[in-house]
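Have a look at the structure below, then the notes.
Lettering of chains follows the sequences in order, A, B, ..., and the numbering in each one begins at 1. The analysis underlying the following values was restricted to heavy atoms, covering all of them including side chains, and did not include hydrogens, waters or symmetry mates.
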Protein chains: 2
Amino acid sequence: MGEHTGRFLIPQRAMLKAYLLSIIESQNLYGLEYRDFIRQEYREVGYRPNHSEIYKSLHELMEEGIVKQSKRKKEGKKLQEVVYYAIVDKNKANLYRKQVKVELERCEHLMKKAIAAVSTK
Amino acid sequence: MGEHTGRFLIPQRAMLKAYLLSIIESQNLYGLEYRDFIRQEYREVGYRPNHSEIYKSLHELMEEGIVKQSKRKKEGKKLQEVVYYAIVDKNKANLYRKQVKVELERCEHLMKKAIAAVSTK
DNA sequence: CCATGAACACGCTGTTCATCG
DNA sequence: CGATGAACAGCGTGTTCATGG
């Protein structure tokens, strides 16, 4: 990930990729369902990613050899092709999640400091 | 500030502007000194803003009528012109800081959720 | 060389457009 | 119309350039 010093906050894409990895491990969803799931989960913090970011995140994870497009099958009732994903390199996946976590913690720390600095006494 | 729903994280500029306001209140610094001060304060979280962002933040605060360029004077030993700032509208300043604080807290919340989601069990 | 600005360039991300069932 | 994907456009920000003490 981009470790070029001085960066302010983590790019959305990195967070999404790591998050998608954890979702892929626990649920079987396809593209737009990931988007809706995340929107639902983060509704309270007003975060609503769009479909492009989801797709681009998934594509990058694929290019990096971390996931693969698994079942290009049709859904039960609608006869529509959808793309599911599965993890192909668990080690890479966990490593990436760990790296992003470190970066997220840095951001949390930065936010805490900023909140204190900005607060009027 | 930009409250268009769906935003991921706060823009650097907003955080800087609010932070600069609190610095201006407590210390007498000029442009590059703000930069160095912030770099020092945030060294532990690896945040190193560049001079352009500082200047642009200061200029915006000026255009918004929150601060003014006060003492365009020379420093003690070096005979160099520097630009100091002072708050001209304390109400606007505090309002802005409060708004940014709310947004920073939202980001902190988001980071917490993301850290939990990304963590491998 | 330090300080202030402005101009420029690039990367990230949101919006649109295209294709296919 | 739902789903996937790519192309396009705008904005935020980092890098460079310009001017002046």
Rounded distance (Å) that lies between atom P of C:dT4 and atom CG of B:Leu61:
15 Å
A:Arg35 or A:Phe8, whichever maps to the more 5' nucleotide of DNA chain D
A:Arg35
Report yes if at least one side-chain N or O of A:Tyr55 is closer than 4.0 Å to OP1 or OP2 of D:dT4; otherwise report no.
yes
For A:Glu103, which of A:Gln99, A:Lys101, A:Arg106 qualifies under side chain to side chain donor-acceptor pair (under 3.5 Å)?
A:Arg106
For the side chain of A:His59 and the base of D:dG5, is some donor closer than 3.5 Å to an acceptor across the two?
no
Would you indicate whether the side-chain heavy atoms of B:Asn94 and B:Glu25 approach each other to under 4.5 Å?
yes
Can you tell me which nucleotide in C:dA3, D:dG12, D:dT4 comes closest to the side chain of B:Val82?
C:dA3
Expressed in angstrom and rounded to an integer, what is the separation of A:Leu9 atom CG from D:dG12 atom P?
14 Å
Here the distance between atom P of D:dT4 and atom CD of A:Glu33, to the nearest Å, is 8 Å
Would you check if A:Ile38 and A:Ile23 make a side-chain contact, meaning some heavy-atom pair closer than 4.5 Å?
yes
Closest nucleotide among C:dC12, D:dT15, D:dA6 to the A:His51 side chain
D:dA6
B:Asn50 has an atom CG; how far is it from atom C1' of D:dG12, in whole Å?
12 Å
Nucleotide D:dT4, atom P - distance to CD of A:Glu53 in whole Å
16 Å
Mind checking A:Tyr85 for me? I need base, sugar-phosphate or nothing, with any heavy atom below 4.0 Å counting as a touch.
sugar-phosphate
Quick one: OG on B:Ser70 to CD1 on B:Ile87, what's the gap to the nearest 0.5 Å?
11.0 Å
Side chains of residues 51-58 of chain A: which donor-acceptor pairs under 3.5 Å do they make with residues two or more places apart or in other chains?
| residue | atom | partner | partner atom | Å |
| --- | --- | --- | --- | --- |
| A:Glu53 | OE1 | A:Arg13 | NE | 2.9 |
| A:Glu53 | OE2 | A:Arg13 | NH2 | 3.4 |
| A:Ser57 | OG | A:Glu53 | O | 2.6 |

Can you pull out how bent the helix from C:dC1-D:dG21 to C:dG21-D:dC1 is, comparing the axes over its first five and last five pairs, to 10°?
30°
Starting the side chain at C-beta, find the nucleotide from D:dG5, D:dG14, D:dG12 nearest to A:Gln69.
D:dG5
Atom-to-atom span, CD1 of B:Ile54 to P of C:dC2 - whole angstrom:
18 Å
Cation-pi check for B:Tyr85 against B:Lys68: NZ or CZ below 6.0 Å from the six-membered ring centre and within 45 degrees of the axis, yes or no?
no
Could you check B:Tyr47 against B:Gln12 for side chain to side chain donor-acceptor pair (under 3.5 Å), going step by step and ending with a plain yes or no?
CA-CA 11 Å; B:Tyr47 174 47; B:Gln12 179 183 185; 2.7 Å; yes
Are the side chains of A:Val67 and A:Asp89 in contact, using a 4.5 Å heavy-atom criterion?
no
Of the candidate nucleotides C:dT15, D:dG14, D:dG2, which contains the atom at the shortest distance from the side chain of A:Tyr30?
D:dG2
Picking from D:dT15, D:dT13, C:dA3, the nucleotide nearest the side-chain atoms of B:Ser52 would be D:dT15
Collect all protein-nucleotide pairs involving nucleotides 18-20 of chain D in which both atoms are nitrogen or oxygen and the distance is under 3.5 Å.
| residue | atom | partner | partner atom | Å |
| --- | --- | --- | --- | --- |
| D:dG20 | N2 | B:Gln80 | NE2 | 3.0 |

Figure out the CD1/C1' separation between B:Ile10 and D:dC11, and round it to whole Å.
16 Å
Given the side-chain rings of A:Tyr19 and A:Tyr34, with only the six-membered ring counted for Trp, is the space between their centroids under 6.0 Å?
no
Any donor-acceptor N or O pair under 3.5 Å, side chains B:Tyr30, B:Glu81
no
Find the distance B:Lys56:NZ to C:dT4:C1' and express it as a whole number of Å.
14 Å
